[in-house]
Enquirer: 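Sharing a structure here in structure tokens format.
Here is how names work: the chains are called A, B, and so on, in the same order as the sequence lines, proteins then strands, and each is numbered from 1.
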Amino acid sequence: MTDTRFDPSSADGRWQRAWEEAGTFTADSYSEKPKSYVLEMFPYPSGRIHMGHVRNYTMGDVLARYKKMRGHEVLHPMGWDAFGMPAENAAMEKKVHPGTWTYANIEAMKSQLKRIGFALDWTREFATCDPEYYGHEQALFLDMYEGGLVYRRSSEVNWDPVDMTVLANEQVIDGKGWRSGAEVEKRKLDQWFLKITDFAEDLLDGLGTLDDWPEKVKLMQENWIGKSSGLEFSFGLSNGEKLPVYTTRPDTIFGASFCAIAADHPIAQGLKDDPEVAAFIEECKKGGTTAAALETAEKLGYRTGITAKHPFTGADLPVFIANFVLMDYGTGAVMGVPGHDQRDFEFATKYDLPIARVVAKDASQADAPMGDEAESGDGVIVNSDFLDGMSVEDAKAEVIARAEDGGWGKGTTVWRLRDWGISRQRYWGTPIPFIHCEACGIVPVPKDQLPVTLPEDVDFETPGNPLERHPTWKHVDCPLCGAKARRETDTLDTFTNSSWYFLRFASQPADKPFDADEIAKWMPVEHYIGGIEHAILHLLYARFWTRALAYLGKFEVKEPFAALFTQGMVTHETYGRSVDEKPVWYSPEEVERTSDGATLKADGEPVDIGRVIKMSKSKKNTVAPDAIIANYGADAARWFMLSDSPPERDLPWSEAGIEGCWRFVQRLWRLFDQIDESATGEDKALARKAHQAIVAVADDIEALSFNKAVARIYELTGAAEKAAPSEARNFAIRTVLHLIAPMMPHLAEEANAKLGNTALIANAEWPSHDPAMLVEDEVTIAVQHMGKLRDTLTAPKGASKEDLEALALASENVQRSINGAAIRKVIVVPDRLVNIVT
RNA sequence: GCGGGUGUGGCGGAAUGGUAGACGCCGGGGACUUAAAAUCCCCUGUCCUUUGGACGUGCGGGUUCGAGUCCCGCCACCCGCACCA
């Protein structure tokens with residue numbers, strides 16, 4: 001061949017078309033082969049692929065292509081998480097319909113993805129805003145309703161009075177709407193909920209089976225579910241009412257010196273006629289939306305004048321309204337034990353309440369004074385009547401037992417996890433398939449009338465939910481009685497769309513959401529790859545939906561994702577200057593980077609090189625994948641994504657790095673040209689390296705240690721380049737070609753074709769290795785004196801301890817170091833080292 | 001505050017308790033060329049009295065013949081949660 005350069009601008013597209021025409025990556029649900037389901041979290045169609053996507057999808061792609069080479073039937077699909085706010089924002093700003101905007105973005109991103117050469121089964125592509133998809137989602141939602149997992153109740157929401165919309169907590173900034181800047185109100189609205197709490201225990205237990213999930217993610221989910229156990233009991237109040245409280249420390253009950261209730265607790269609300277109480281409650285509501293405010297927030301209380309009778313001592317404890325008690329956890333009321341709870345301690349200190357010790361290191365410390373903070377640790381119960389001398393654990397059990405025997409309380413489990421509120425007062429989402437009828441109440445839309453589609457003729461000129469103000473859409477007849485009725489105008493939280501998309505990828509019949517046999521074939525996902533930002537919500541919701549659908553008898557899968565991998569971010573240096581004391585940022589294209597600094601191309605003056613941080617528009621430190629692929633080709637970009645940084649860590653993008661990848665692509669291209677069929681002769685060392693690399697690269701890919709696989713390939717490449725022509729060298733070169741095939745598929749196909757192979761290398765088998773060739777016959781032995789390296793020597797593998805010791809003692813360097821001292825001991829690790837101790 | 005993670009050359013990072021720095025990037029020197037690009041070769045942790053040696057994996061201790069790796073105590077940075085009773 002005469003080409004001295006690999007030209008991706010012609011090769012990339014050629015092979016992408018070849019794969020597409022051959023249907024190389026179309027998954028066959030009825031294949032006899034073992035299956036692999038490789039999935040990356042599907043993207044929101046913002047309109048353009050960023051480097052984070054490229055990294056994410058390259059990792060999955062290498063796995064998918066590798067598994068295929070290993071003889072697996074691979075399902076590697078792609079689609080679009082296409083509902084959500086940005087489309088509505090675009091509609092308002094650009095006067096374009098959310099659907100038009102979204103589908104145009106999908107087209108743009110799809111063509112970008114295709115240019116990177118991902119081994120995706122595009123026949124299964126869908127967008128969650130396709131009526132077909134959300135129609136099936138509505139059907140599943142109705143099934144959940146029938147199964148008792150859906151309910152409606154009044155719930156407090158963040159209401160933006162200007163945009164006339166409900167805001168998520170993270171859209172409320174300092175008590176104001178993020179878009180309108182208006183003061184956010186708390187409003188009670190009837191909202192739809194999914195009963196995720198029914199599955200709290202199962203979702204928690206299931207974490208124990210997820211051996212291939214990062215510990216960190218499991219821990220985050222565990223904390224989010226937040227199981228705690230304790231005692232719920234009621235205080236009798238001086239006003240004749242009962243005050244139920246929940247505590248995880250019933251063992252400290254004798255240390256209780258006050259009670260505290262939340263500002264929105266019914267008892268507090270009942271005292272609102274007193275203007276002082278009303279003012280205090282108002283103050284509690286205002287305080288603290290931001291994290292910083294919460295941290296520094298002072299414990300504030302209002303003494304109600306009501307007292308609570310202690311169930312054992314009969315003492316009268318003052319009841320406070322307090323800003324640190326939350327209505328929506330436990331009973332919204334607590335017993336205050338200042339000695340052994342830090343919040344209670346701070347509160348008691350401020351309001352001069354008794355701080356009693358009821359837990360001590362040992363019985364003799366019963367009267368030890370309290371320090372300047374609460375003691376929440378373990379110990380022995382003291383000053384507590386019948387509990388004295390018990391361990392904390394025994395005392396908890398004893399108090400719960402007495403409460404249950406006495407009928408005034410019971411052991412309880414409390415969860416932090418709340419039911420999932422799924423109502424959104426927005427247009428661009430899945431319509432909730434219900435009808436409100438005066439006579440019949442809430443009526444599900446009959447399944448044969450699904451999908452309930454979104455109306456096309458909507459305007460975004462005025463604030464509020466376009467579905468609500470649409471002239472005709474919501475007016476329907478009741479499916480039961482035929483009377484005039486009203487459609488539900490709320491749409492589903494977009495997290496519901498991503499809670500089952502992996503099922504629809506696996507199976508997409510027209511008449512139902514999925515087919516049980518196909519689900520059984522493909523699920524669970526073997527490799528799920530995405531960002532850590534989805535550690536809790538998306539992954540918990542998807543686990544819940546899978547359980548809920550299994551509970552409804554749809555299939556038997558419980559955990560959708562057998563293995564989870566959370567990849568790091570793509571980062572870049574930042575370039576900036578301080579202009580009038582305000583930072584001004586420059587993009588990498590505007591800057592000339594030299595080895596010791598950077599200058600602005602526009603004026604030639606230096607700019608400051610800032611921290612290496614996640615690529616973001618605001619800091620202008622982004623690099624567009626499009627431009628990179630146009631300049632260097634898809635394979636160099638893919639190789640960069642896999643090189644150097646371990647995949648779970650951040651990857652710093654650099655111009656020099658991509659240049660290096662480009663050079664390597666060309667190096668390989670030249671190497672693949674050097675197969676010499678007429679070459680004869682052996683090169684056992686090189687052959688051994690090739691066999692070792694086959695095993696090592698496979699192991700590294702399976703462990704997702706792509707950076708190590710890359711290093712191995714560099715090594716074998718270097719060795720093959722240096723070697724003289726031989727059969728072994730031809731073998732090594734062919735091996736490199738196959739090892740890089742999952743990573744740099746275009747280069748691999750082009751070289752493979754040049755070598756006269758008519759079959760696609762994408763369909764090739766992973767090279768097999770000879771186990772006998774993995775073993776070295778000579779090893780390098782380190783020789784140490786007192787643990788310090790003095791020499792190295794070469795010995796046959798498996799040499800005896802005696803031989804190695806003799807060889808080591810024969811070393812000049814070793815003798816010089818020993819310098820005649822008496823040898824006390826010689827440690828020999830066969831095939832590794834000899835350490836002489838004097 | 002609680003929980004988790006990370007710390008190794010100029011940089012990204014390798015290293016079953018056994019030769020620290022594989023591999024890549026940057027940098028330096030050389031070859032080829034009229035010249036450049038491309039390519040190839042060599043060097044590249046610090047220091048010293050340089051056929052050798054000392055020091056060196058955030059800091060301080062410890063275990064061990066031997067510690068980046070194990071144990072104890074610190075420091076720094078990053079991430080998550082946040083008054084959850």
Enquirer: Could you check B:G68 for me: syn (within 90° of 0) or anti?
Expert: anti
Enquirer: Who pairs with A:Tyr351 by ring-ring contact (aromatic ring centres under 6.0 Å, His included), at least two apart in sequence or on another chain?
Expert: A:Phe320, A:Phe347
Enquirer: Just call it for A:Arg712: base, sugar-phosphate, or nothing, with non-hydrogen atoms closer than 4.0 Å on any strand.
Expert: nothing
Enquirer: For A:Val837, is there any backbone N or O sitting under 3.5 Å from a side-chain donor or acceptor partner on A:Arg824?
Expert: no
Enquirer: C1' atom, B:A15 versus B:G66: distance in rounded Å?
Expert: 16 Å
Enquirer: Where along residues 811-825 of chain A does a heavy atom fall under 4.0 Å from RNA chain B?
Expert: A:Arg816, A:Lys825
Enquirer: Over how many whole Å does the gap from A:Lys227 atom NZ to B:A85 atom C1' extend?
Expert: 18 Å
Enquirer: Judged by atom type as modelled, is there a donor-acceptor pair below 3.5 Å linking the side chain of A:Gln666 to the main-chain atoms of A:Phe6?
Expert: yes
Enquirer: Round to the nearest Å and state the distance from A:Phe233 atom CZ to B:A85 atom C1'.
Expert: 11 Å
Enquirer: Under the side-chain contact (heavy atoms from CB on, under 4.5 Å) criterion, do A:Tyr575 and A:Asp608 qualify, and how do the steps go?
Expert: CA-CA 6 Å; A:Tyr575 308 108; A:Asp608 298 328; over 6 Å; no
Enquirer: Would the distance check show the side chain of A:His340 and the main-chain N or O of A:Val359 forming a donor-acceptor pair, the cut-off being under 3.5 Å?
Expert: yes
Enquirer: For the side chain of A:Thr197 and the backbone of A:Ala200, is there at least one donor-acceptor N/O pair under 3.5 Å apart?
Expert: no
Enquirer: Quick one: A:Ile225 CD1 to B:C81 P, roughly how many Å, whole number?
Expert: 15 Å
Enquirer: Taking OP1 and OP2 of B:A54, is either one under 4.0 Å from a side-chain nitrogen or oxygen of A:Lys788?
Expert: no
Enquirer: Given 3.5 Å as the limit, does a donor-acceptor pair link the side chain of A:Asn621 with the main chain of A:Ser616, or not?
Expert: yes
Enquirer: Between A:Ser654 and A:Thr331, which has a closest nucleotide on RNA chain B that is more 5'?
Expert: A:Ser654
Enquirer: Taking salt bridge (Lys or Arg N to Asp or Glu O under 4.0 Å) as the cut-off, I'd like each qualifying pair that reaches into residues 319-343 of chain A, sequence neighbours left out, listed once.
Expert: A:Asp328-A:Arg418, A:Asp341-A:Arg343
Enquirer: Please measure how far the P atom in B:G61 lies from the corresponding atom in B:G52, and state the result in whole Å.
Expert: 32 Å
Enquirer: Nearest heavy atom decides the nucleotide; on that basis, is A:Ala333 or A:Arg670 closer to the 5' end of RNA chain B?
Expert: A:Arg670
Enquirer: Using the P atom in both, what is the distance from B:U69 to B:G58, to the nearest Å?
Expert: 8 Å
Enquirer: Quick one: which residue pairs count as a salt bridge (Lys or Arg N to Asp or Glu O under 4.0 Å) with a foot in residues 825-838 of chain A, not counting sequence neighbours?
Expert: A:Lys797-A:Asp831
Enquirer: Please check if the number of heavy atoms outside A:Lys689 that lie under 6.0 Å from its NZ is greater than 12.
Expert: no
Enquirer: Going by atom types only, do A:Gln692 and A:Glu776 share a side-chain donor-acceptor pair under 3.5 Å?
Expert: yes
Enquirer: Between the protein and nucleotides 77-80 of chain B, are there any N/O to N/O pairs under 3.5 Å, and if so, what are the atom names and distances?
Expert:
none

Enquirer: Can you give the dot-bracket line for RNA chain B, using ( ) for pairs inside the strand, [ ] for pairs that cross earlier ones, | for pairs with another strand and . for unpaired bases, where Watson-Crick and G-U count if both distances are under 3.5 Å?
Expert: (((((((..(((.....[....))).(((((.......))))).((((...))))..(((((..]....))))))))))))....
Enquirer: For nucleotides B:G10 and B:G5, find the distance between their P atoms and express it as a whole number of Å.
Expert: 28 Å
Enquirer: Between B:C84 atom C1' and A:Asp344 atom CG, what is the distance in whole Å?
Expert: 13 Å
Enquirer: Polar atom pairs between nucleotides 42-44 of chain B and protein, under 3.5 Å, N or O only, would you list them?
Expert:
none

Enquirer: Roughly how many Å is it from CD in A:Glu721 to P in B:C23, rounded to a whole number?
Expert: 13 Å
Enquirer: Please confirm whether the backbone N or O of A:Val775 pairs with a side-chain atom of A:Arg688, one donor and one acceptor, at under 3.5 Å?
Expert: yes
Enquirer: Provide the distance between the two P atoms, one in B:C72 and one in B:A22, to the nearest whole Å.
Expert: 32 Å
Enquirer: Please tabulate, for the side chains in residues 778-793 of chain A, all donor-acceptor contacts under 3.5 angstrom to protein atoms that are two or more places apart in sequence or on a different chain.
Expert:
from: A:His785; atom 1: ND1; to: A:Ser817; atom 2: OG; distance (Å): 2.7
from: A:His785; atom 1: NE2; to: A:Thr838; atom 2: OG1; distance (Å): 3.1
from: A:Arg790; atom 1: NE; to: A:Ser817; atom 2: OG; distance (Å): 3.0
from: A:Asp791; atom 1: OD2; to: A:Ser811; atom 2: OG; distance (Å): 2.7

Enquirer: So, using ring-ring contact (aromatic ring centres under 6.0 Å, His included) as the criterion, who are the partners of A:Tyr329 when residues are at least two apart?
Expert: none
Enquirer: When we call it a touch if two heavy atoms are under 4.0 Å apart, what does A:Val826 touch: a base, just sugar-phosphate, or nothing?
Expert: nothing
Enquirer: Using the side-chain heavy atoms of A:Ala656, tell me which of these nucleotides is nearest: B:C84, B:G53, B:C26.
Expert: B:C26
Enquirer: In whole angstrom, what separates A:Phe664's CZ from B:U39's P?
Expert: 13 Å
Enquirer: Say you pick atom C1' in B:G9 and the same atom in B:C43; how far apart are they, in whole Å?
Expert: 15 Å
Enquirer: Under 3.5 Å, which donor-acceptor pairs link side chains of residues 644-653 of chain A to any protein atom two or more places apart or in another chain?
Expert:
from: A:Ser645; atom 1: OG; to: A:Asp650; atom 2: O; distance (Å): 3.2
from: A:Asp650; atom 1: OD1; to: A:Met569; atom 2: N; distance (Å): 3.0

Enquirer: Where along nucleotides 11-22 of chain B does protein come under 4.0 Å, by heavy atom, of base (B) or sugar-phosphate alone (S), with - for untouched nucleotides?
Expert: -BSSSB-BB--B
Enquirer: Could you state the CD-C1' distance from A:Glu573 to B:C26, rounded to the nearest angstrom?
Expert: 12 Å
Enquirer: Considering residues at least two apart in sequence or located in another chain, which fulfil the ring-ring contact (aromatic ring centres under 6.0 Å, His included) criterion with A:Phe233?
Expert: A:Phe235, A:Trp408
Enquirer: Considering all heavy atoms of both residues, which atom of A:Ala348 and which atom of A:Ile355 are nearest to each other, and what is their separation?
Expert: CB-CG1, 4.0 Å
Enquirer: Is a donor on one side and an acceptor on the other found under 3.5 Å between the side chain of A:Ser384 and the backbone of A:Ile381?
Expert: no
Enquirer: Rounded to the nearest Å, what distance is computed from the CG atom of residue A:Leu716 to the P atom of nucleotide B:G24?
Expert: 13 Å
Enquirer: Please give the distance between the P atoms of B:U51 and B:G60 as a whole number of Å.
Expert: 32 Å
Enquirer: Check the phosphate of B:G24 against A:Tyr714, side-chain N and O only, distance under 4.0 Å to OP1 or OP2. Yes or no?
Expert: no
Enquirer: Within 45° of the ring axis of A:Trp224 and under 6.0 Å from its six-membered ring centre, is that where the NZ or CZ of A:Arg416 lies?
Expert: yes
Enquirer: Which of the following nucleotides, B:A85, B:C81, B:A54, is nearest to the side chain of A:Arg790?
Expert: B:A54
Enquirer: In whole Å, what separates the C1' atom of B:G45 from that of B:U19?
Expert: 16 Å
Enquirer: Would one find a side-chain N or O of A:Arg663 under 4.0 angstrom from OP1 or OP2 of B:C26?
Expert: yes
